[in-house]
*Asks:* 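Below is one structure. I have some questions about it.
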Amino acid sequence: PPTDSHSDWIGPPDKHSNLRPIIFYVPPEESALERRLREARQEAQASNQRFWARHNRAFHQEKEEFIYSRLKAKGLEMRNESGRKTTLSAEEMADFYKDFLSKNLKKHLQYNRDWYKRNFRITFLMGQVALVRALRWLRRRKKNVEQ
Amino acid sequence: SGLFVWRLRNTGIRQIPCQFVHLCHVANDRLITFQYFNFLKRMYVTQYNNDLSQRAKPKSDSIVSPLRELQQLDQEKKVVHKISPISSVHQPWAETSSRNELREMKSAAGTEDSVTPVGAESKEDRQWKEMKLRLDDLPGILARLSKIKLTALVVSTASAGFAMAPVPFELTCFLLASLGTGLASCAANSINQFFEVPFDSNMNRTKNRPLVRGQISPLLAVCFAASCGIPGIALLTLGVNPLTGALGAFNIFLYTCCYTPLKRMSIANTWVGAVVGAIPPVMGWTAATGTLDAGALLLGGILYSWQFPHFNALSWGLREDYSRGGYCMMSVTHPGLCRRVALRHCLALIGLSTVAPVLDITTWTFPVISLPINLYISYLGFRFYRDADRSSSRKLFFCSLWHLPMLLLVMFTCKKPVLEKEDKGDLLGESHERAVEIRLP
């Protein structure tokens, strides 16, 4: 993003977490409230990125292992004659999906709680910042009118 | 344009089971038709192209076309419009499922790259974008935030509830109820998206939502939701009646605070979601009559039961996404239950259709005429139960898409006429006048 910009920039989805990173703009006269908001957003972004990158990587890895073990049990190779990867049918994969979901349920419950808390906090801070900015703008206008 | 209509009709009919044609002949006898089902179908279907795993029957806003009494020509047009969307649905589904398979293959191959998005989106997606709100983008963004197509569907079901109520039709009440329902639905959908940003990012069909892409801030999404929800509920409570307003508020609460968090906690979310989908027609009924009677509950019951074959079939193909995303759905955790419940509710629809004339909502022709379509969906439900594969789930899902509009249409045409003996003459005169008015453009 260009250096003379005055707003945040959002990028393409991350390879591992599928989340879009944001580069936050730090205004020169940032108030304490605005700084709290920015830091909360940065922290949430980092935490989300960590969680999803790890989670998705684990998913793909475990899926690989599952396919490999199933194929081995059936006596098949990882690649068939045409050289392409052998895949299991959707019904066979269903066992893996069920297993993975139940294994990670507790992790998700914890993450959900954290995410909701963070989301509310950030939105509330945004509201406060917007209110302060609006009041400041109104005050400035009043001053201009009086002058 | 007449020729065009005929061509489409001919190509379309081939793709639909014969009961549909039979029904058209029956329905053509009446001068009444639903043109809004026209929109309903098109929007519903295209919505599903984009939103395939979206469970919801939440409140959403949509284009409201009040029911009218129209000519046979319009009836045919409706048939045509209903048919063409079905063919367009097959393609995107195939696209999505082949994309899913491709993804499976790719991940099986151990590549770390995420699936490259198809089409022109990919290039735009790779760029960094300034997070500044542009006012001319705003309508489109808000439309997507409020899931406007799904809202259209919900308002249509509410309209169906209004139409089935055994009271004379009042246009202002109808419009107010539809608008209020639409606004409430927008609000609910916006809050839902507000809650689900990181999860939506990780699922293929929801990753282009406005909050995910940063086109709008969460604060603005909440403000929009409030500015739709509060006037919407107020409109329903003050402009229609308090009962409808209460139902609307309850449904928003049920969808945003119960269904949305429950999706990630327990499979009970499906039943809660079915209630969410059943409430709009009940609201339509209470808007017309002001009371919550057996007819309203029956209509709600029909929509409640419909949700299960519809959603369970849909979720069958999305098990990988649900598993990775952490969504607790029957199709992943209890596949046997998933199929059993779908079949059970297909059969329930037959039962509910039979109860309708008992409650004096429709004549006895309704269970008779609706039996073929109900049997057909039950048959597909049974196939899904027995085969448990992607093709049977797809068939069931697509059937549910045309089954509901048709069932509601047949229900309306079989509606028990509400005529007092002394008013009968007047009403007939009125309806003739109205019909004549509309015939002349």
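Naming convention: chains lettered A, B, ... in sequence-line order (proteins, then strands); numbering from 1 in each chain.
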*Asks:* Heavy atoms only, distances under 4.5 angstrom: which of B/R264, B/H334, B/K132 has the most pairs with chain A? Name it, please.
*Replies:* B/R264
*Asks:* Please tell me if the side chains of B/K207 and A/P13 come closer than 4.5 Å, counting only heavy atoms from C-beta onward.
*Replies:* no
*Asks:* Rounded to the nearest 0.5 Å, what separates atom CG in B/L219 from atom CD1 in A/I122?
*Replies:*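 If we round to the nearest 0.5 Å, B/L219:CG and A/I122:CD1 are 12.0 Å apart.
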*Asks:* Would you find more than 12 non-hydrogen atoms of other residues, nucleotides or ligands less than 6.0 Å from A/F100 atom CZ?
*Replies:* yes
*Asks:* Backbone N or O of B/Y327 within a donor-acceptor pair of the A/H108 side chain at under 3.5 Å?
*Replies:* no
*Asks:* Taking A/N104 for its side chain and B/G326 for its backbone only, find out whether a donor-acceptor pair lies under 3.5 Å.
*Replies:*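 Absent.
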*Asks:* Do B/Y322 and A/L101 touch side chain to side chain, with heavy atoms closer than 4.5 Å?
*Replies:*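 A side-chain contact is absent here, since even the closest heavy-atom pair is not under 4.5 Å.
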*Asks:* Where does the angle between the aromatic ring planes of A/W52 and B/F199 fall among parallel (under 30°), tilted (30 to 60°) and perpendicular (over 60°)?
*Replies:*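 If you compare the ring of A/W52 with that of B/F199, the planes turn out perpendicular.
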*Asks:* Could you check whether atom CZ of B/R386 has more than 12 heavy atoms from other residues, nucleotides or ligands sitting under 6.0 Å from it?
*Replies:*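 Counting other residues, nucleotides and ligands, CZ of B/R386 exceeds 12 neighbours.
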*Asks:* I'd like to verify something: which residue of A/L105, A/N56, A/L109 has the highest number of heavy-atom pairs under 4.5 Å with chain B?
*Replies:*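 Heavy-atom pair counts peak at A/N56.
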*Asks:* Output the option from B/G325, B/G214, B/C328, B/S217 having the highest count of non-hydrogen pairs under 4.5 Å with chain A.
*Replies:*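 Highest number of heavy-atom pairs under 4.5 Å: B/G325.
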*Asks:* Should we say atom NZ of A/K107 is surrounded by more than 12 heavy atoms from elsewhere, each under 6.0 Å from it?
*Replies:* yes
*Asks:* For A/Y111, is it the side chain, the backbone, both or neither that has a heavy atom under 4.5 Å from a heavy atom of chain B?
*Replies:*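 Contact with chain B is through the side chain of A/Y111 alone.
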*Asks:* For B/V332, which atoms come within 4.5 Å of any heavy atom of chain A: side chain, backbone, both, or neither?
*Replies:*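 Looking at B/V332, backbone and side chain both touch chain A.
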*Asks:* Under a 4.5 Å heavy-atom cut-off, does chain B meet the side chain of A/R41, its backbone, both or neither?
*Replies:*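 For A/R41, side-chain heavy atoms alone lie under 4.5 Å from chain B.
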*Asks:* So, for A/N119 and B/F195, which heavy atoms are closest and what is the spacing to 0.1 Å?
*Replies:* ND2-CA, 4.2 Å
*Asks:* Given a strict heavy-atom distance threshold of 4.5 Å, which part of A/T123 is in contact with chain B: side chain, backbone, both, or neither?
*Replies:*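 Contact with chain B is through both the backbone and side chain of A/T123.
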*Asks:* Using modelled atom types and a 3.5 Å cut-off, is there a donor and acceptor pairing between side-chain atoms of A/W115 and backbone atoms of B/E196?
*Replies:* no
*Asks:* Report the distance from atom CG of B/N204 to atom CG of A/N18, rounding to the nearest 0.5 Å.
*Replies:* 8.5 Å
*Asks:* How close do B/W128 and A/P21 get, counting heavy atoms only, and between which atoms?
*Replies:*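 Nearest pair, atom of B/W128 first, then A/P21: CZ3-O, 3.8 Å.
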*Asks:* Ignoring hydrogens and angles, tell me if any N or O in the side chain of A/K98 forms a donor-acceptor pair with the backbone of B/T333 under 3.5 Å.
*Replies:*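 Yes; judged by distance alone, with no hydrogens or angles, the pair exists.
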*Asks:* Look at atom CZ of A/R121 and say whether more than 12 heavy atoms of other residues, nucleotides or ligands are closer to it than 6.0 Å.
*Replies:*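 No, not enclosed.
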*Asks:* What heavy-atom pair brings B/R324 and A/F59 nearest, and what distance separates the two atoms?
*Replies:*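 Nearest pair, atom of B/R324 first, then A/F59: CD-CD2, 3.3 Å.
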*Asks:* Side-chain contact, heavy-atom cut-off 4.5 Å: A/I22 with B/M131?
*Replies:*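 A/I22 vs B/M131: side chains touch.
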*Asks:* Side-chain contact, heavy-atom cut-off 4.5 Å: A/Y116 with B/P261?
*Replies:*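 Result yes, sub-4.5 Å side-chain heavy-atom pair found.
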*Asks:* Is it true that atom NZ of A/K103 has more than 12 heavy atoms of other residues, nucleotides or ligands lying nearer than 6.0 Å?
*Replies:*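 It does: A/K103 NZ has more than 12 such atoms within range.
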*Asks:* Which heavy-atom pair separates B/N208 from A/R20 by the least distance, and what is that distance?
*Replies:*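 Heavy atoms only, the tightest pair is OD1-NH2, 4.4 Å.
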*Asks:* Which atoms of A/A130 come close to chain B, meaning under 4.5 Å heavy atom to heavy atom: side chain ones, backbone ones, both, or neither?
*Replies:* side chain
